[in-house]
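Every heavy atom of this structure was used, including side-chain atoms; hydrogens, water molecules and symmetry mates were not.
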Amino acid sequence: MRLSPLNRRRWRNFRSNARAFWSLVIFCALFGMSLFAEFIANDKPILVKFRGELYVPIFNFYPETTFGGDLPVEAAYAYEDVQCLIITGGEQTCWDDPVAVIADAGDGVVDGRQISRGWLLWPPIPYSYDTIVDIPGAAPSAPDGNNLLGTDDTKRDVLARVIYGFRLSILYTLIVTSVASVLGVIAGAVQGFFGGLIDLIFQRLLEIWGAMPSIYIIIILFAILGRGFWILVGISILFGWPALVAVVRAEFLRARNFEYVRAARALGVSNRTIMFRHMLPNAMVATLTFLPFIVTGAIGTLATLDFLGFGLPSSAPSLGELTLQAKQNLQAPWLGFTAFFVYAIMLSLLVFIFEGVRDAFDPRKTFQ
């Protein structure tokens, strides 16, 4: 798709802003990796070959009986006896000494018999966000070769939870910011363009809505509706959309009497076309200026609710819950350092990106 000359100029301006551009590159790389978190950190193998057939455990449910076991429950791939069954093609001798049988099966022979040797392809981190790591010692455990960022107070791998938690935070932020911004822009445009009684009624409603203690209402609604990701997204949008109304309203009130608007009205152009094709682009600089605050506010809301224990369920991979664990386990400083650096890097990258977008849309700024 070919870009218009205006959008090409905006992209050149953004590309010339080195800090914003490289922040975008780093953020896209981190977010792209987190989207494939199941392939990076998982307690299930990515691919299994058993008796000449391939299986994909990270996407499908396979009972232990599929691999020659006795139980109809999902195979526990981390256990040596299940690995032995897969590698040896379902040999029942695995129940006696699976480690020795796996070692003997290295050349495809078990008890002097030729077997169809299988294999398991594991992710780089063999733990999911909810996997209990079977290691000796009290929890939380310090970082080591197996758990690069240590474990939390229930012996779950911190690095795996950070990867999944980063993805959850960014998806939550993108959804809430996108929907809330669209609703806020539409409401502000309607107020500023039509003015009069419509503007007066909207302003009184916004004053009432803005005076409500949103955090307390969210906590109350969670107590009634239960905790869940989409419930939190819906409630956050409900209280987040007024953030852009004031600035969009001001821009439309300023531009509604400009000559090009009067000319468009005189030519019979529809109000919707005037508002969103001609007036809205002129309000985008002021709108984009506020987007970093909305983004950081959405991340802060999620972190605050999880830190207070009123956000997502404790089993969810939440960065706010990791911060709470750092507060409750001062003897484990790696938890606090991990939470701090993850939030610092994530928020800094997002702020730098949106600063670059704001400057790219500003016709008064041109980068060389």
Side-chain angles (χ1 to χ4, degrees), residues 33-34 36-48 57-58 61-64 67 69 71 73-88 94-106 118-169 306-307 309 312-343:
M33 290 175 59
S34 70
F36 298 94
E38 286 78 8
F39 293 90
I40 300 173
N42 209 320
D43 56 2
K44 300 176 183 177
I46 300 173
L47 200 63
V48 168
I58 61 174
F61 172 90
Y62 299 114
E64 189 179 291
F67 307 109
L71 302 176
V73 298
E74 186 173 16
Y77 301 95
Y79 289 169
E80 293 173 343
D81 50 359
V82 175
Q83 295 179 18
C84 179
L85 287 172
I86 294 173
I87 292 174
T88 62
C94 285
W95 303 121
D96 301 327
D97 190 354
V99 177
V101 175
I102 292 175
D104 292 339
W119 44 260
L120 301 89
L121 177 62
W122 286 95
I125 303 173
Y127 310 110
S128 186
Y129 66 88
D130 56 352
T131 304
I132 305 299
V133 183
D134 185 15
I135 55 176
S141 60
D144 56 24
N146 294 323
N147 307 105
L148 298 180
L149 295 179
T151 62
D152 61 9
D153 58 3
T154 55
K155 287 200 172 181
R156 295 173 298 190
D157 185 72
V158 173
L159 180 55
R161 291 185 66 80
V162 165
I163 295 173
Y164 283 89
F166 181 85
R167 179 177 67 178
L168 184 68
S169 296
D306 289 335
F307 181 80
L312 297 172
S314 59
S315 60
S318 165
L319 298 177
E321 192 262 346
L322 179 63
T323 308
L324 176 61
Q325 289 199 30
K327 170 182 172 292
Q328 295 174 341
N329 298 276
L330 298 179
Q331 78 282 4
W334 58 88
L335 297 178
F337 283 121
T338 299
F340 169 77
F341 282 110
V342 170
Y343 275 119

Let me confirm one number: the [atom1]-[atom2] distance from [X] to [Y], rounded to the nearest 0.5 Å.
| X | Y | atom1 | atom2 | result |
| --- | --- | --- | --- | --- |
| Ile163 | Glu38 | CD1 | CD | 10.5 Å |
| Ile40 | Ser128 | CD1 | OG | 12.0 Å |
| Lys44 | Phe61 | NZ | CZ | 8.5 Å |
| Asn42 | Ile125 | CG | CD1 | 10.5 Å |
| Asp130 | Asp43 | CG | CG | 6.5 Å |
| Leu335 | Phe337 | CG | CZ | 11.0 Å |

*Main-chain N/O of Ile135 paired to Lys155 side chain as donor or acceptor, under 3.5 Å*: yes
*If a pair satisfies side chain to side chain donor-acceptor pair (under 3.5 Å) and one of its residues is in residues 136-150, list it, with sequence neighbours excluded.*
Ser141-Thr151, Asn147-Asp157
*asked:* Tyr77 vs Phe67, test: side chain to side chain contact (heavy atoms under 4.5 Å, CB included). Steps then yes/no.
replied: CA-CA 11 Å; Tyr77 301 95; Phe67 307 109; 3.8 Å; yes
*Mind jotting down which residue pairs meet the ring pair (Phe, Tyr, Trp, His ring centres under 6.0 Å) criterion with at least one end in residues 140-161? Sequence neighbours excluded, please.*
none
*Please, which pairs that meet ring pair (Phe, Tyr, Trp, His ring centres under 6.0 Å) have at least one residue in residues 118-141, sequence neighbours excluded?*
Tyr129-Tyr164
Can you find a heavy atom in the side chain of [X] that is under 4.5 Å from one in the side chain of [Y]?
| X | Y | result |
| --- | --- | --- |
| Glu64 | Val82 | yes |
| Ile46 | Leu120 | no |
| Trp334 | Pro140 | yes |

*asked:* Give me the atom names and distance for the closest heavy-atom approach of Ala41 to Pro123.
replied: N-CB, 4.2 Å
*Who passes ring pair (Phe, Tyr, Trp, His ring centres under 6.0 Å) against Tyr62, sequence neighbours left out?*
Tyr55
_Once ring pair (Phe, Tyr, Trp, His ring centres under 6.0 Å) is applied, do any residues pair with Phe341, and if so which ones, sequence neighbours excluded?_
none
*Show your working on side chain to side chain contact (heavy atoms under 4.5 Å, CB included) between Arg156 and Thr131 and close with a plain yes or no.*
CA-CA 6 Å; Arg156 295 173 298 190; Thr131 304; over 6 Å; no
Got a list of side-chain donor-acceptor pairs under 3.5 Å for residues 319-331, not counting sequence neighbours?
residue	atom	partner	partner atom	Å
Glu321	OE1	Arg161	NH2	3.3
Glu321	OE1	Gln325	NE2	3.4
Glu321	OE2	Gln325	NE2	2.7
Thr323	OG1	Leu319	O	3.0
Gln325	OE1	Asp153	N	3.0
Gln325	NE2	Asp152	OD2	3.4
Gln325	NE2	Asp153	OD1	3.3
Asn329	OD1	Gln331	NE2	3.4
Asn329	ND2	Gln325	O	2.9

